[in-house]
Every structure is written in structure tokens, then in C-alpha cells.
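Computation of the quantities below employed the complete heavy-atom set of this structure, encompassing side-chain atoms and omitting hydrogens, waters and symmetry-equivalent molecules.
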Amino acid sequence: MITRFPCQEDAVEYINNNFDGVIGLGDVECPQYLNNFHGILGEMESVYIMKYLKKTEKLITKEFLGLSTDFSTEISITHFPPKGFKSGMIINVEIGKKEISAKILSSKTKIIIHGHSENQTIVNSQGFQVISVGAFEKGYLAIYYPEEKKVQLSKISSH
């Protein structure tokens, strides 16, 4: 899983050489170059990227590999972090959306995985586990094991 992914040849090569597939959590500049990419949109994607993902059926709109975008499964993905869980940070400022918090509080979801944030963190709060995968531009990513419903945070030394 990646977010804040720059369209740089070495970054694309690293992902394609080391992973079977990619789940983008928004702000992925060039998903068309990533092997077996599926993802959600952030606020930085262009209309071209949105159209490409829809046309190729790679835009995750409800459920994919046991993950949902509508908070209907045990594990959900979202671009923005929920407000008040202290998992999202940009330039050392806490970020989050009230709408995401409201959705998780009234859902079946127990684990929320989000993008948008620079830092990588796991927060356990109010009976939920909130995971920020961190910005790939800082070397952060998360590895998802769908059979085990497990997420492992990872950092690469250079990309």
C-alpha cells in the first residue's frame, strides 16, 4: 500500500521489482506505470488519473481483497485520516476529517488504513486500530496480507 507516490523512474522500478501488486491510497502520480495497481483517489490526482482508473476498472469503489472503501468490512481504506485519532500528520500538524470519524464510529470496521499523512503510525483508540501508511516520498509503505488480514508497516532506505 502506498500514498504520496512520486512519478520517478527509480520509485516505479522499486515497486514493480519488489511487489506483486499495489494498492494506492491516493496521491499516486502515475499508477499507469505500476504493475497490478488498484487504488482510491486522493486530492492530488488529475482528471486523467481518475479517468484511467475508471476505464481500466482499477479504481476501488467498494470492496477489494477484503478491504472496503464504504466501511462495510472489518478492514477499511480511506485517503484521509479520521479526525481525533492522532494518526495523520503533515509538517507536524495533526490532520483528519470529521466525516471519516463519523463513518467508522457507525460501521463494522475495526481497522482503518489511510494515506495522506507524511508519517507512519498505528494508533489504537476507541476500540479501533488506525494505521497511517506514511508517505512513499519519505520511504514509507505498508504490506498487506489479505489471507491473514494483516498489515505490516515498512520503510525503504532509498527509492
Item to check | Phe136/Ile156 under side chain to side chain contact (heavy atoms under 4.5 Å, CB included): CA gap, chis, key distance, verdict | outcome: CA-CA 9 Å; Phe136 187 85; Ile156 57 175; 3.6 Å; yes
Checklist entry - Can you pull the ring-ring contact (aromatic ring centres under 6.0 Å, His included) pairs that have at least one residue in residues 42-64, sequence neighbours excluded? => result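 For residues 42-64: His38-Phe64.
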From [atom1] ([X]) to [atom2] ([Y]), nearest 0.5 Å:
X: Leu25; Y: Leu141; atom1: CG; atom2: CG; answer: 11.0 Å
X: Phe5; Y: Phe37; atom1: CZ; atom2: CZ; answer: 9.0 Å
X: Ile40; Y: Ile77; atom1: CD1; atom2: CD1; answer: 4.5 Å
X: Ile104; Y: Ile111; atom1: CD1; atom2: CD1; answer: 12.0 Å
X: Glu13; Y: Leu34; atom1: CD; atom2: CG; answer: 12.0 Å
X: Leu53; Y: Met50; atom1: CG; atom2: CE; answer: 9.5 Å

Next on the checklist: Strictly distance-based, threshold 3.5 Å: is any side-chain N or O of Ser132 a donor or acceptor partner for the main-chain N or O of Gly88?
Outcome noted: no
Checklist entry - Ile90: which other cluster members, linking ILVMFWY side chains closer than 4.5 Å, directly or transitively? => result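 Listed partners: Ile91, Ile95.
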Checklist entry - With clusters built from Ile, Leu, Val, Met, Phe, Trp and Tyr whose side-chain heavy atoms come within less than 4.5 Å, directly or transitively, what are the remaining members of the cluster of Val93, listed by chain and number? => result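 For Val93, no cluster forms, as it stays isolated from other hydrophobic side chains.
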Is there a path of hydrophobic side-chain contacts, each under 4.5 Å between heavy atoms of I, L, V, M, F, W or Y residues, that connects [X] with [Y]?
X: Leu59; Y: Val28; result: yes
X: Phe71; Y: Val130; result: yes
X: Val123; Y: Met89; result: no

Item to check | salt bridge (charged side-chain N to carboxylate O under 4.0 Å, His left out) contacts touching residues 92-112 (sequence neighbours left out) | outcome: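 As it turns out, there is no salt bridge (charged side-chain N to carboxylate O under 4.0 Å, His left out) pair with a partner in residues 92-112 once direct neighbours are skipped.
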Next on the checklist: Give me each pair satisfying salt bridge (charged side-chain N to carboxylate O under 4.0 Å, His left out) with a member in residues 52-77, each pair once, sequence neighbours excluded.
Outcome noted: Lys62-Asp70
Item to check | side-chain hydrogen bond (donor to acceptor under 3.5 Å, both in side chains) pairs, two or more places apart, involving residues 141-154 | outcome: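 Output for this query lists Tyr145-Gln152.
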Checklist entry - Which pairs pass side-chain hydrogen bond (donor to acceptor under 3.5 Å, both in side chains) with one or both residues in residues 75-91, sequence neighbours excluded? => result Asp27-His79, Glu43-His79, Ser68-Ser76, Ser76-Thr109, His79-His116, Ser87-His114
Sequence-distant partners of [X], side chain to side chain contact (heavy atoms under 4.5 Å, CB included), two or more places apart:
X: Cys7; value: Glu29, Cys30, Tyr33
X: Tyr140; value: Gln120, Lys138, Lys155
X: Asn35; value: Asn16

Checklist entry - Which of parallel (below 30°), tilted (30 to 60°) and perpendicular (above 60°) describes Phe128 and Phe85? => result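 Aromatic pair Phe128/Phe85 classed perpendicular.
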Checklist entry - Looking only at heavy atoms, what is the nearest atom pair of Ile49 and Glu45, with distance? => result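 Scanning both residues, the minimum pair turns out to be CG2-CG, 3.5 Å.
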If you define the side chain from C-beta out and look only at heavy atoms, does anything of [X] sit under 4.5 Å from [Y]?
X: Ile113; Y: Val151; result: yes
X: Ile23; Y: Ile60; result: yes
X: Leu67; Y: Met1; result: yes
X: Ile131; Y: Ile112; result: no
X: Ile122; Y: Leu153; result: yes

Next on the checklist: If you count heavy atoms of other groups shown closer than 6.0 angstrom to CG of Asp20, is the number above 12?
Outcome noted: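 No, CG of Asp20 has 12 or fewer neighbouring heavy atoms, counting only those of other groups under 6.0 Å.
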